[in-house]
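Only one structure is covered here, and it is reproduced in the block below.
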2 protein chains.
Amino acid sequence: MGNRHTSLKDLARELKVSISTVSRALKDHPDISREMKEKVKQLALARKYSPNPLAMGLLKQETRMIGVIVPDLVTHFYASIIAGIESFAKEKGYFILLASSNESYEKEKESIENLLKARVEGLIICMSQETRETSHFKSLLAENIPLVFFDRVCLQDQVSSVTADNTDASKKITRHFAEQGYRRIAFISGPEQLNISRERLAGYIAGLESCQLPVDADLIEQCNLSHDSARQAMNRLLNLPNPPDAVFGINDTVAFAAMKEIKRHQLQIPNDMGLVGFTDEFHATVVDPPLTSITHPTYEMGVEAARLFFDQLNSKQSPKTVTLKTRLVVRESSDKAR
Amino acid sequence: MGNRHTSLKDLARELKVSISTVSRALKDHPDISREMKEKVKQLALARKYSPNPLAMGLLKQETRMIGVIVPDLVTHFYASIIAGIESFAKEKGYFILLASSNESYEKEKESIENLLKARVEGLIICMSQETRETSHFKSLLAENIPLVFFDRVCLQDQVSSVTADNTDASKKITRHFAEQGYRRIAFISGPEQLNISRERLAGYIAGLESCQLPVDADLIEQCNLSHDSARQAMNRLLNLPNPPDAVFGINDTVAFAAMKEIKRHQLQIPNDMGLVGFTDEFHATVVDPPLTSITHPTYEMGVEAARLFFDQLNSKQSPKTVTLKTRLVVRESSDKAR
DNA sequence: GTGAAAGCGCTAACAG
DNA sequence: CTGTTAGCGCTTTCAC
């Protein structure tokens, strides 16, 4: 390999001045003469000098890297959030080090350790589904390492986080169903340790109550957010003695799985069964019929998470909670009127 | 911030020995006494010592980072490939630095520069759609920086690359259509500077010829791989005086766009119009009807790209070309028989 | 067996 | 205005 990068030393030698002179000239230090600055800058350009971030990092104790941990690397949902984080971080001259927990608590802990070993300056995390216990996060706090949660959050009084307005959004969904004439509205939730499950469930119930519809425990199903488990949940709903006439799926995967299962049972969407999801723009329009959904502002969520991160980094502020407004976009899957 | 990590110096001070002793003890240097090793290792563990990669990098001139540039961060296709790269790199103790070209030639060049400034040890790249000119890649080669292309490639005699068996696969598609009784088979291609466009077109034509079907220039459309442009292309096909009865879309986005447009024209898939794509497993099964497609081995492609990268890194070998086998998976969208 | 010292590329305090 | 020096964390050669 050899050293393919020009160093200050190289420049200094070539110009027959000291390293510090070169260093200062490049940063327009007032002490340096105009001509010297000229000469140095010109040579630096010619030799394609760029400061060695390792050396800088060592010196300044900063690596300009942020660790990002997501439950899963391959879904559009996280990819889009990551793109948001990346774009904000890039502006600030930071890079992203990416890791996936694969929805596993153990891998989450492992990823945190690896990223810290790589000397990231802090972490932006979406918790794994399995995570019930938060000591690994608390020790980050104890060590004063900047931390931000997005979408799935915990320790909200101590950690900055970005979420969607889950409760509100879910309430809107239930009310929308009711307005369309659906009466037995089911909800397929996720693991109860996740705030998104709890909040969306709360909204679902609040919505039912505000429409004077009864809350029927049979209509509340749970799954582990995997495709298969969501299909099974939908299947249980369909096999109920008194099945629902509408379903609210807690996220993309669940909504898709539900859709497949409904179709498999030869039921028409939206006439026999209404369906609404909680997805990003892209997926909702790809399926057939197009899915009514709360469009999750994924990219924006990433941007906000990064913004919160830098707030933490620059001045240890008290944790902030950002809640992103969502929109209910009505499409065919819940539009009986058509 | 302060220095939150334990250093060799810290350990040395605590044990009242020199830094070099600690360093040697930790790497089981034969000169060090058994007891000393014990003591050092124990304390290192207790203090959670982990070597500072910046210091190591500076010393050894290696950063253990690979730059990865994709045309787009948010699609499942690239996300899945990135996951493959990441998993292999992780094995080797390397991290990924991710950048997106957003299909722009300028951004691609910019990303290369940024990543080099960050001192990645080499690059794994999928070219932007706009890229026609390869001098920025050539200068990487000139500087002996390891480089691997995937999916979209160029300079194949000088650079290692992984691709799918595009020509073969496309031939299979055309032949499959013919077997199903389709006669006017159209192809929606991408920009001609991309090898995937040229190779898939070649396979499409070879397939037609092997079935004694005529090649009709009207049935070969082009788009820039965006959703809108693909819809327009499909639309042009549908408005032909003698429209096709089957369409082969060059990738995911194109196949989806085509599907929407076909539905908008009230045509039934597969009866009025057959449709086949070139997609990863996930997307093909989400749409309705499920899409017959060449399933693109995305994750595997990432793994192979990473493998080639390390081949390059470890010993400057002559460039290799890996071609991944694909499978034609017949689903409803082209299955007239049902 | 262990320590001292140099050096990777850089900045900043201190000299002159 | 410019140079010298120390030090960020680490490995390695050379001394003892």
So, taking the atom named [atom1] in [X] and the one named [atom2] in [Y], what distance separates them when rounded to the nearest 0.5 Å?
{"X": "A:R119", "Y": "A:E62", "atom1": "CZ", "atom2": "CD", "result": "14.5 Å"}
{"X": "A:K138", "Y": "A:L147", "atom1": "NZ", "atom2": "CG", "result": "12.5 Å"}
{"X": "B:I81", "Y": "B:T75", "atom1": "CD1", "atom2": "OG1", "result": "8.0 Å"}

_Residue whose nearest DNA chain C nucleotide is more 5′ - A:R24 or B:A55_ =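 Per heavy-atom nearest nucleotide, the more 5' residue is B:A55.
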*asked:* Let me spell it out: for each of B:M36 and B:L59, pick the nucleotide of DNA chain C with the closest heavy atom. Which residue's pick is nearer the 5' end?
replied: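 Its nearest nucleotide being more 5', the pick is B:M36.
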Tell me whether the OP1 or OP2 atom of [N] has a side-chain N or O from [X] closer than 4.0 Å.
{"X": "A:K60", "N": "C:dA12", "result": "no"}
{"X": "A:K37", "N": "D:dC1", "result": "no"}
{"X": "B:K27", "N": "D:dT11", "result": "yes"}
{"X": "A:S33", "N": "D:dT2", "result": "yes"}

Could you tell me the separation between the [atom1] atom of [X] and the [atom2] atom of [N], rounded to a whole number of Å?
{"X": "A:Y49", "N": "C:dG9", "atom1": "OH", "atom2": "C1'", "answer": "7 Å"}
{"X": "A:I19", "N": "C:dA12", "atom1": "CD1", "atom2": "C1'", "answer": "14 Å"}
{"X": "B:R47", "N": "D:dG9", "atom1": "CZ", "atom2": "C1'", "answer": "18 Å"}
{"X": "B:H29", "N": "D:dC14", "atom1": "NE2", "atom2": "C1'", "answer": "12 Å"}
{"X": "A:D28", "N": "D:dC1", "atom1": "CG", "atom2": "P", "answer": "14 Å"}
{"X": "B:E38", "N": "C:dG1", "atom1": "CD", "atom2": "P", "answer": "15 Å"}

*asked:* Starting the side chain at C-beta, find the nucleotide from C:dG9, D:dC10, C:dT11 nearest to A:S7.
replied: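 Closest nucleotide to the A:S7 side chain: C:dG9.
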*Nearest to the side chain of A:S18, which nucleotide is it out of D:dT11, D:dG3, C:dC10?*
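Given the options D:dT11, D:dG3, C:dC10, the side chain of A:S18 is closest to D:dG3.
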*5' precedence on DNA chain D between A:R34 and A:S20 (nearest-nucleotide basis)*: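 Here A:R34 is the residue nearer the 5' end.
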*So, does the side chain of A:S23 form a donor-acceptor pair with the base of C:dA12 at under 3.5 Å?*
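A donor-acceptor contact between them is absent.
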_Exercise: identify the closest heavy-atom pair between B:A99 and B:L115_ =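 Minimum heavy-atom contact is CB-CD1, 4.1 Å.
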*If you take all heavy atoms of B:F88 and B:V303, which pair is closest and at what distance?*
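Taking B:F88 first and B:V303 second, the nearest heavy atoms are CD1-CG1, 3.8 Å.
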*asked:* So B:N52, base contact, sugar-phosphate only, or nothing? Heavy-atom distance under 4.0 Å.
replied: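 Sugar-phosphate only.
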